Amino acid sequence: MDKVKRIGILTSGGDSPGMNAAVVSVARCAAQKGLQLMGIKRGYNGLLGLSENPEDDIEFMDLETVLDIMDMRGTYLRTARCLPFLQHEVRVEAAKNLKAQGIEALVVIGGDGSYRGALKLCELGIPCIGIPGTIDNDLSYTEATLGYDTAVNVCVDAVRSIRATSRSHDRPAVVQVMGRNCGDIAMRTAIATGAEMVIVPEMEWDMLELAERLKYLFQKGNTRATLIISEHCWHKMKPFDWRKTIADSGRVIHEDDPMNADRLALVLKILTQTEARATVIGYTQRGAIPTAYDSALAFDAGRLAVDLLTKDENTFQQGHAIGVRDGRVFSMPFAEALDENRKKFFDENLYHLINNL
Ligand code: ADP
Ligand code: F6P
């Protein structure tokens, strides 16, 4: 294959702090090597040629404009979940559109779903390089993903403030963080803030044990204990009739009301006779300005992406995912990075340590 001259870049899945910095890095390194860069809008949607104005799908990214997005939050290219892309015929059209635009290779910034899409584009003759862009840190092949460090810092900041007001009022706090099915944000936040309890989707947990621990801490004089919960931890709750607990306390609860942070705080309040309160940190984790770590990771990843596309033909034709190992960026084939036999490491000892200290 001849050397590539024009590459595309897109952001896909949930946005994550550092995505813009990665685009800037790719743009700078591409310009240095004389490559043209095309920005594809709204994830894989931009490849489908559906917008009335073609510029709403794909735009030429000149270096001057791109440098300006470095300080912008969110993702300049926009992002989206593109369900039609799950269909083979749609991907064939997308590959055709790319070729028609002279785009010979693609940098995809996103999570595992976006990588699956990229792997399929590689099979259609569009080599792709993946940069892990997700706050969840849920990719098993890499130590870090773009945005994870920032999300943790947002949570740590919030929890420190919450613990201050909790102390003022002698009341416990329940704080919900994001992470989808990965408890990394919750665990890291718990360690960094000294939170006394954490529950995550990786581990079963027991409501009565939580309540006992909270009571114990309260009696020992820790009247502002913090419980960090990861958003999808509910399915790991051991059977417990929390609706009955709420109903027995004289409050209204319906059969189909789901468990959530507020209800968990309420159940703990009832079981422990404390004034537990809940906070959901939410999208502030995604819209934050990237930390220095994430900005630097974005730079290193963007640089490696361009290197792979220009130097190593065999590597980029099968598609590679960039990751972090021993603190340094590296890459491996998508198929390997997505291998379901590789389990994401979860530190159970640390989990028990946090919950028992
Ligand atoms: P993330 O990349 O953060 O994991 P999603 O799982 O929502 O986010 O995936 C983002 C997009 O990637 C999807 O909307 C879809 O366009 C594409 N995608 C996901 N899974 C596949 C798949 N198996 N085949 C092709 N495309 C996929
Ligand atoms: O994958 C990033 C993430 O923020 C998850 O932590 C969260 O579960 C999900 O996206 C929320 O997605 P949405 O933007 O669709 O609400």
Side-chain angles (χ1 to χ4, degrees), residues 10-19 22 40-48 50 57 73-75 77-95 97-98 106-124 126 128-142 145-152 154-155 175-189 200-202 228-235 260-261 280-288 294 319 321-323 334-335 337-340 344:
L10 61 82
T11 56
S12 167
D15 65 351
S16 68
M19 281 180 162
I40 289 141
K41 309 279 186 70
R42 296 179 177 80
Y44 291 114
N45 287 299
L47 301 180
L48 309 185
L50 298 177
D57 283 333
R73 296 165 189 244
T75 163
L77 289 172
R78 308 286 198 275
T79 185
R81 295 185 168 107
C82 172
L83 293 182
F85 207 70
L86 298 176
Q87 297 162 39
H88 176 73
E89 318 78 71
V90 173
R91 292 193 299 269
V92 171
E93 277 310 304
N97 287 342
L98 276 167
L106 199 58
V107 178
V108 171
I109 310 175
D112 61 333
S114 306
Y115 278 11
R116 279 177 225 287
L119 178 59
K120 290 186 173 143
L121 274 179
C122 292
E123 288 158 10
L124 292 169
I126 306 287
C128 296
I129 302 294
I131 295 181
T134 166
I135 62 166
D136 300 336
N137 204 33
D138 57 353
L139 297 167
S140 59
Y141 77 95
T142 177
T145 57
L146 263 189
Y148 167 62
D149 183 64
T150 307
V152 170
V154 168
C155 295
V175 184
Q176 179 175 310
V177 304
M178 282 184 164
R180 214 179 266 193
N181 293 315
C182 178
D184 281 17
I185 297 180
M187 291 282 286
R188 203 93 187 130
T189 301
V200 292
E202 288 88 345
I228 309 290
I229 65 176
S230 187
E231 59 180 354
H232 289 180
C233 62
W234 309 121
H235 68 281
N260 60 24
V280 176
I281 299 180
Y283 293 102
T284 54
Q285 293 159 86
R286 292 215 315 234
D294 276 331
I322 291 174
F334 275 128
L338 290 170
D339 183 354
E340 280 168 14
K344 168 106 177 78

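The structure presented is a predicted model; accordingly, all values stated were derived computationally and were not measured. Both counts, for ligands and for their atoms, begin at 1 and track the order of listing.
By the 30° and 60° cut-offs, the orientation of the rings of Tyr115 relative to Tyr141 is tilted.
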Full working for side-chain contact (heavy atoms from CB on, under 4.5 Å) between Leu10 and Leu47: CA-CA 10 Å; Leu10 61 82; Leu47 301 180; 4.3 Å; yes

Chi angles and distances behind the side-chain contact (heavy atoms from CB on, under 4.5 Å) call for Cys155, Gln285: CA-CA 7 Å; Cys155 295; Gln285 293 159 86; 3.3 Å; yes

Mind listing the N or O contacts between ligand 1 and protein, cut-off under 3.5 Å?
| unit_1 | atom_1 | unit_2 | atom_2 | d |
| --- | --- | --- | --- | --- |
| ligand 1 | 2 (O) | Gly111 | N | 2.9 |
| ligand 1 | 2 (O) | Gly111 | O | 3.4 |
| ligand 1 | 2 (O) | Ser114 | N | 2.9 |
| ligand 1 | 2 (O) | Ser114 | OG | 2.5 |
| ligand 1 | 4 (O) | Asp112 | N | 3.4 |
| ligand 1 | 4 (O) | Asp112 | OD1 | 3.0 |
| ligand 1 | 4 (O) | Gly113 | N | 3.0 |
| ligand 1 | 7 (O) | Arg81 | NE | 3.0 |
| ligand 1 | 12 (O) | Gly113 | O | 3.4 |
| ligand 1 | 14 (O) | Cys82 | N | 2.7 |
| ligand 1 | 16 (O) | Cys82 | N | 3.4 |
| ligand 1 | 16 (O) | Cys82 | O | 2.7 |
| ligand 1 | 18 (N) | Gly113 | O | 3.2 |
| ligand 1 | 20 (N) | Gly113 | O | 3.4 |
| ligand 1 | 24 (N) | Lys120 | NZ | 3.3 |

Check ligand 2 against the protein and report each N/O to N/O distance under 3.5 Å, formatted as atom name, atom name, distance.
| unit_1 | atom_1 | unit_2 | atom_2 | d |
| --- | --- | --- | --- | --- |
| ligand 2 | 1 (O) | Asp136 | OD2 | 2.7 |
| ligand 2 | 4 (O) | Arg286 | NH1 | 2.8 |
| ligand 2 | 6 (O) | Asp136 | OD1 | 2.7 |
| ligand 2 | 6 (O) | Gly179 | N | 3.2 |
| ligand 2 | 6 (O) | Glu231 | OE2 | 3.3 |
| ligand 2 | 8 (O) | Glu231 | OE2 | 2.5 |
| ligand 2 | 10 (O) | Arg286 | NH1 | 3.0 |
| ligand 2 | 14 (O) | Arg286 | NH1 | 3.0 |
| ligand 2 | 14 (O) | Arg286 | NH2 | 2.9 |
| ligand 2 | 15 (O) | Arg81 | NH1 | 2.8 |
| ligand 2 | 16 (O) | Tyr283 | OH | 2.4 |

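For the side chain to side chain donor-acceptor pair (under 3.5 Å) criterion with Lys344, the lone passing option out of Asn181, Thr142, Asp184 is Asp184.
Looking at Cys128 and Phe334, their side chains come closer than 4.5 Å, going by heavy atoms from C-beta outward.
The heavy-atom pair separating Thr189 from Ile228 by the smallest distance is CG2-CD1, 4.2 Å. Of all the heavy atoms in Ser114 and Gly13, the pair that sits closest is OG-N, 3.9 Å.
For CZ of Arg78, the number of neighbouring non-hydrogen atoms (other residues, nucleotides, ligands) closer than 6.0 Å is 12 at most. Counting non-hydrogen atoms of neighbouring residues, nucleotides and ligands closer than 6.0 angstrom, the CD atom of Glu340 reaches no more than 12 such neighbours.
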